[in-house]
Amino acid sequence: MAKCGGKSSAGARAPSSWRKYPGGGADAPGAEPPHRRQPQPAPPSCPTPPFPLGQTQRLTPTLEGPLMRLSRYFLPVLKETPAEAQIASHRLMLRAGMIKQQQAGIYSWLPMGFKVLRRIEQIVHEEQARAGHLAIQMPTLQSADLWRESGRYDGYGEEMLRITDRQGRDMLYSPTAEEMVTDIFRAHVSSYKQLPLTLYQIQWKFRDEIRPRFGVMRGREFLMKDGYNFDLSKEDALHAYNRHLVSYLRTYERMGLQAIPMRADSGPIGGDYTHEFLVLAETGESEVFYDSEITDLTFGDREIDYDDVAQCQSVLEEFTSRYARTDETHDEAAFNEVPEERRRVARGIEVGQIFYFGTQYSEALGASVQTPDGSKVPVHMGSHGIGVSRLVGALIEANHDDKGIIWPEGVTPFHVGIVNLKQGDVSCDSACEALYRAFLDHGLDPLYDDREERAGAKFATMDLIGLPWRITVGPRGIAANKVELTCRRTGESEEMPAEEAVEKIVGIYEGL
RNA sequence: CGGAGCGUAGCGCAGCCUGGUAGCGCACCUGCUUCGGGAGCAGGGGGUCGGAGGUUCGAAUCCUCUCGCUCCGACCA
């Protein structure tokens with residue numbers, strides 16, 4: 001995204017264009033339809049669809065249904081830790097068979113890792129839709145000419161991967177997309193009446209880092225949600241800025257993460273108009289300084305009207321009123337005004353960033369609109385990024401123990417693991433099958449460990465891959481009509497009838 | 001880009017210094033036993049020793065070049 005000088009920040013990547021957003025992704029169940037301008041009254045005689053809307057986009061059974069049995073799945077777990085992995089998330093992602101490194105900073109995503117990536121994407125899409133933003137998809141390969149127009153082709157430096165095609169045309173693998181989205185805008189928008197507009201995509205990016213490390217946390221190829229707002233005035237653009245801050249708070253919280261907005265380095269632009277979102281973690285790359293009161297703030301289930309300027313402003317003020325800065329912008333004097341017992345110095349992982357940068361690109365690329373008085377003005381813009389692939393690493397950094405990953409319910413690749421302790425035993429097998437089908441019927445993703453393995457191996461695998469809930473089915477319990485429900489995070493177990501366990505798990509996920 | 005290190009079976013490693021035609025653990029395959037926290041025994045399959053060139057009767061081992069990866073620093077979503 002675009003600090004003005006051309007360096008950018010924010011980031012992560014997401015799987016690409018073929019990924020399906022059933023029902024349009026945006027209107028996920030529970031998400032209000034995106035009313036960007038005026039609410040549209042429903043067409044009077046809209047026929048009732050033959051199936052309940054929203055249901056089709058629940059999970060992905062069509063893609064993976066038959067493969068949720070571990071015996072048929074592809075989950076290449078490792079007992080030993082590959083030598084190159086230094087930090088917990090990298091180690092655990094390799095051991096849990098989520099990723100495979102292909103080159104320095106470039107990874108393949110194996111089924112379970114890819115599933116987590118898609119869960120994160122789904123949340124991002126739903127929250128973007130809620131804020132009224134529109135999903136698009138731009139190419140990863142872009143023409144150098146567009147970047148010459150903005151002046152960034154020569155300015156960007158070695159981080160940009162430059163490619164030449166067979167005709168000798170200069171191209172590049174996009175590290176960010178201000179130029180291209182502005183090109184789209186200028187081609188199709190010419191009136192203030194078409195504003196405000198916010199377009200975003202979830203797309204793979206490439207930055208040729210000198211030294212990739214920490215697995216997907218600092219790769220060269222990464223999946224990122226990058227969004228761009230177009231507004232008539234600075235005032236409107238600052239509302240877009242606030243709106244993004246609010247929607248980002250919601251987005252991270254749904255993933256089970258606390259990401260603290262911190263005043264960031266705005267580069268040559270100056271001003272307060274950029275915030276980074278940091279997840280506190282020992283392995284974070286940034287040193288952060290904050291008032292401990294900031295970590296008590298949660299978004300909760302408060303109602304937000306994203307068109308309400310005052311409300312978005314007040315949320316921003318609430319979440320940015322305490323001292324919270326990275327080492328880039330740290331101000332020792334201001335920090336010292338925080339009561340000593342509340343001063344915290346820690347480390348954080350940057351999982352997102354928002355900017356307002358004004359008319360830098362709209363002027364360079366000629367993106368302007370006509371105002372009511374007939375004059376032509378360049379639009380005010382901002383850009384915003386969420387590091388989707390990086391978030392997978394950050395989530396694990398923030399949620400693991402010595403046995404493995406502990407997924408928050410919001411992003412877990414499978415909602416529940418079913419462990420059959422005695423494969424081949426008729427009563428155990430049928431109890432597991434019944435559980436498995438019951439979860440599928442409720443729209444949940446179960447992972448059924450039906451392998452011919454010993455109990456210890458199955459437990460170790462479940463602990464490693466970190467599903468939040470495990471149901472253990474053994475001959476002992478089945479004789480008493482009981483299964484065991486275990487919480488991965490606390491390790492607590494409880495015996496209960498299978499139906500009750502299903503009910504409990506379903507209840508937990510319905511409450512999300 | 002500066003400094004350091006490593007490439008030997010899918011993974012983790014030994015062998016290299018002191019050249020003699022490759023080994024261990026895990027994983028994998030077969031059988032038997034075992035079966036609520038990564039089982040035991042027996043048998044078995046799998047390796048252009050990153051690549052190229054050189055020295056030598058002979059190179060995983062010595063020399064040169066090269067490619068890849070990792071770590072520290074600088075940098076960074």
Side-chain angles (χ1 to χ4, degrees), chain A residues 1-3 7-14 76-87 90-91 94-95 97 100-106 156-160 174-176 203-226 259 264-265 274 276-279 284-286 326-328 348-355 383-391 393-394 403-404 419-425 428 449 451-465 470 472-478 483-484 486 491 493 495:
Chain A
M1 332 257 27
K3 293 179 185 178
K7 294 243 173 159
S8 66
S9 41
R13 13 25 206 289
V77 300
L78 304 174
K79 212 181 258 188
E80 288 169 289
T81 301
E84 73 268 17
Q86 300 298 307
I87 63 171
H90 191 193
R91 209 162 51 229
L94 291 168
R95 284 197 55 211
K100 181 191 183 306
Q101 180 169 333
Q102 303 291 168
Q103 288 177 69
I106 300 179
Y156 210 94
E158 297 295 308
E159 269 195 353
M160 181 149 69
S174 168
T176 176
Q203 178 64 292
W204 292 94
K205 305 289 192 297
F206 195 93
R207 286 182 194 153
D208 198 1
E209 296 284 346
I210 296 167
R211 190 185 162 206
R213 62 185 118 171
F214 305 148
V216 300
M217 299 248 289
R218 173 106 180 265
R220 292 194 293 169
E221 189 184 40
F222 55 93
L223 189 65
M224 174 164 112
K225 172 263 168 184
D226 51 321
D265 183 4
T274 179
E276 290 179 336
F277 290 78
L278 278 292
V279 172
E285 288 192 88
S286 316
T326 66
D327 45 10
E328 284 182 333
I349 301 166
E350 193 196 327
V351 294
Q353 187 161 8
I354 56 176
F355 296 91
S383 64
H384 337 89
I386 292 179
V388 176
S389 52
R390 168 177 279 198
L391 269 167
K403 289 192 262 183
V419 170
N420 188 345
L421 288 182
K422 194 165 186 184
Q423 207 66 44
D425 175 275
C428 286
D449 189 347
R451 296 172 303 164
E452 298 284 351
E453 286 287 347
R454 299 161 60 85
K458 292 190 176 192
F459 290 147
T461 298
M462 281 294 171
D463 288 343
L464 173 63
I465 68 176
R470 183 184 86 204
T472 308
V473 177
R476 237 162 43 200
I478 285 301
V483 299
E484 183 185 65
T486 305
S493 287
E495 297 214 332

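These numbers come from a predicted model, not from an experiment.
- Of all nucleotides listed (B:rG36, B:rG38, B:rG12), B:rG12 comes nearest to the side chain of A:Ala83.
- Note: CD (A:Glu453) to C1' (B:rU34) measures 13 Å, nearest angstrom.
- B:rG47 and B:rA22 have their P atoms separated by 12 Å, given to the nearest Å.
- We find that CG of A:Asp449 is positioned 15 Å from P of B:rG36, with the value rounded to whole Å.
- Partners of A:Arg451 according to the salt bridge (Lys or Arg N to Asp or Glu O under 4.0 Å) rule, which considers only residues two or more places apart in sequence or in another chain, are A:Asp449.
- Between the side chain of A:Arg218 and the base of B:rC76, a donor-acceptor pair under 3.5 Å is found.
- Contact between A:Ala455 and A:Leu421 at its shortest, heavy atoms only, is CB-CD2, 3.5 Å.
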Pair A:Leu94-A:Glu84, side chain to side chain contact (heavy atoms under 4.5 Å, CB included): steps then yes or no: CA-CA 10 Å; A:Leu94 291 168; A:Glu84 73 268 17; 3.8 Å; yes

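- Taking 4.0 angstrom as the limit, A:Arg211 places a side-chain polar atom (N or O) nearer than this to OP1 or OP2 of B:rC71.
- For the C1' atoms, the distance linking B:rC13 with B:rC75 amounts to 34 Å, nearest Å.
- Between the P atoms of B:rC26 and B:rC69, the separation comes to 31 Å (whole Å).
- Judged by Watson-Crick or G-U wobble contacts below 3.5 Å, the nucleotide B:rA60 has no partner.
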Close N or O pairs between protein and nucleotides 22-26 of chain B (under 3.5 Å):
residue: B:rG25; atom: N2; partner: A:Glu80; partner atom: OE1; Å: 2.7

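- Residue contacts for A:Ala460: at a heavy-atom cut-off of 4.0 Å it reaches a base atom on one of the strands shown.
- Checked against side-chain contact (heavy atoms from CB on, under 4.5 Å), A:Gln103 has the following partners two or more places apart in sequence or in another chain: A:Ile106, A:Arg220.
- B:rC6 is paired with B:rG68 under the Watson-Crick or G-U wobble criterion, all donor-acceptor distances under 3.5 Å.
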Test log, rule side chain to side chain contact (heavy atoms under 4.5 Å, CB included), inputs A:Met217 and A:Glu285: CA-CA 10 Å; A:Met217 299 248 289; A:Glu285 288 192 88; 5.8 Å; no

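- In this view, A:Phe206 and A:Tyr173 satisfy the ring pair (Phe, Tyr, Trp, His ring centres under 6.0 Å) rule, not counting sequence neighbours.
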Could you write out each protein N or O paired with an N or O of nucleotides 30-33 of chain B at a distance under 3.5 Å?
none

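- Rounded to an integer number of Å, the gap from A:Ile106 CD1 to B:rG68 P is 12 Å.
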Criterion side chain to side chain contact (heavy atoms under 4.5 Å, CB included) on A:Lys225 and A:His384, from CA distance to verdict: CA-CA 8 Å; A:Lys225 172 263 168 184; A:His384 337 89; 4.0 Å; yes

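- Counting heavy atoms from C-beta outward, A:Asp208 and A:Glu158 have side chains that stay 4.5 Å or more apart.
- The gap from the P atom of B:rC49 to that of B:rC32 amounts to 39 Å, rounded to the nearest Å.
- For A:Glu484, the side-chain contact (heavy atoms from CB on, under 4.5 Å) partners are A:Arg470, A:Thr472, A:Thr486, A:Ser493, not counting sequence neighbours.
- The distance from atom CD of A:Glu452 to atom C1' of B:rG38 is 16 Å, rounded to the nearest whole Å.
- Rounded to whole Å, the C1' atom of B:rC41 lies 48 Å from the corresponding atom of B:rU66.
- Nearest-nucleotide assignment on RNA chain B puts the 5′-proximal partner with A:Val77, out of A:Val77 and A:Gln86.
- Nucleotide B:rC75 holds its P atom 9 Å from the CD1 atom of A:Ile210, rounded to whole Å.
- B:rG36 atom C1' lies 12 Å from atom CG of A:Asn420, rounded to whole Å.
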Worked check of side chain to side chain contact (heavy atoms under 4.5 Å, CB included) between A:Thr81 and A:Arg95: CA-CA 6 Å; A:Thr81 301; A:Arg95 284 197 55 211; 3.5 Å; yes

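- Using a 4.5 Å heavy-atom threshold, the side chains of A:Leu278 and A:Ser286 count as touching.
- Look at the C1' atom in both B:rC28 and B:rG15: the space between them is 24 Å, to the nearest Å.
- Remark: the A:Thr81 side chain and the B:rG12 base include no donor-acceptor N/O pair separated by less than 3.5 Å.
- As rounded to whole Å, 15 Å separates atom P of B:rC75 from atom CZ of A:Phe214.
- Side-chain N/O atoms of A:Arg213 and base N/O atoms of B:rC69 include no donor-acceptor pair closer than 3.5 Å.
- For A:Arg470 against B:rG36, a side-chain-to-base donor-acceptor contact under 3.5 Å is absent.
- For B:rG43, the paired nucleotide is B:rC29, the pair qualifying as Watson-Crick or G-U wobble because both relevant distances are below 3.5 Å.
- Looking only at distances, no side-chain donor or acceptor of A:Arg390 sits under 3.5 Å from a matching main-chain atom of A:Val351.
- Rounded to the nearest Å, the gap between the C1' atom of B:rU64 and that of B:rC57 is 22 Å.
- The partner of B:rG73 is B:rC1, judged by Watson-Crick or G-U wobble contacts that both fall below 3.5 Å.
- Dashed line: the shortest gap from a side-chain N or O of A:Gln101 to OP1 or OP2 of B:rU70 is under 4.0 Å.
- Under 3.5 Å, the side chain of A:Arg95 and the base of B:rG38 form at least one donor-acceptor pair of N or O atoms.
- Going from the P atom of B:rC16 to that of B:rU55 covers 25 Å, rounded to whole Å.
- Pair assignment for B:rG12: B:rC24, on the basis of Watson-Crick or G-U wobble contacts that are both within less than 3.5 Å.
- Remark: C1' of B:rC69 and CD of A:Glu209 are 17 Å apart, rounded to the nearest angstrom.
- Comparing A:Arg454 and A:Ser286 along RNA chain B, the residue whose closest nucleotide (by nearest heavy atom) sits nearer the 5' end is A:Arg454.
- Base pairing of B:rG38 is not made with any nucleotide, judged by Watson-Crick or G-U wobble geometry with both donor-acceptor distances under 3.5 Å.
- You'll find a donor-acceptor pair under 3.5 Å spanning the side chain of A:Glu484 and the base of B:rG36, going by distance alone.
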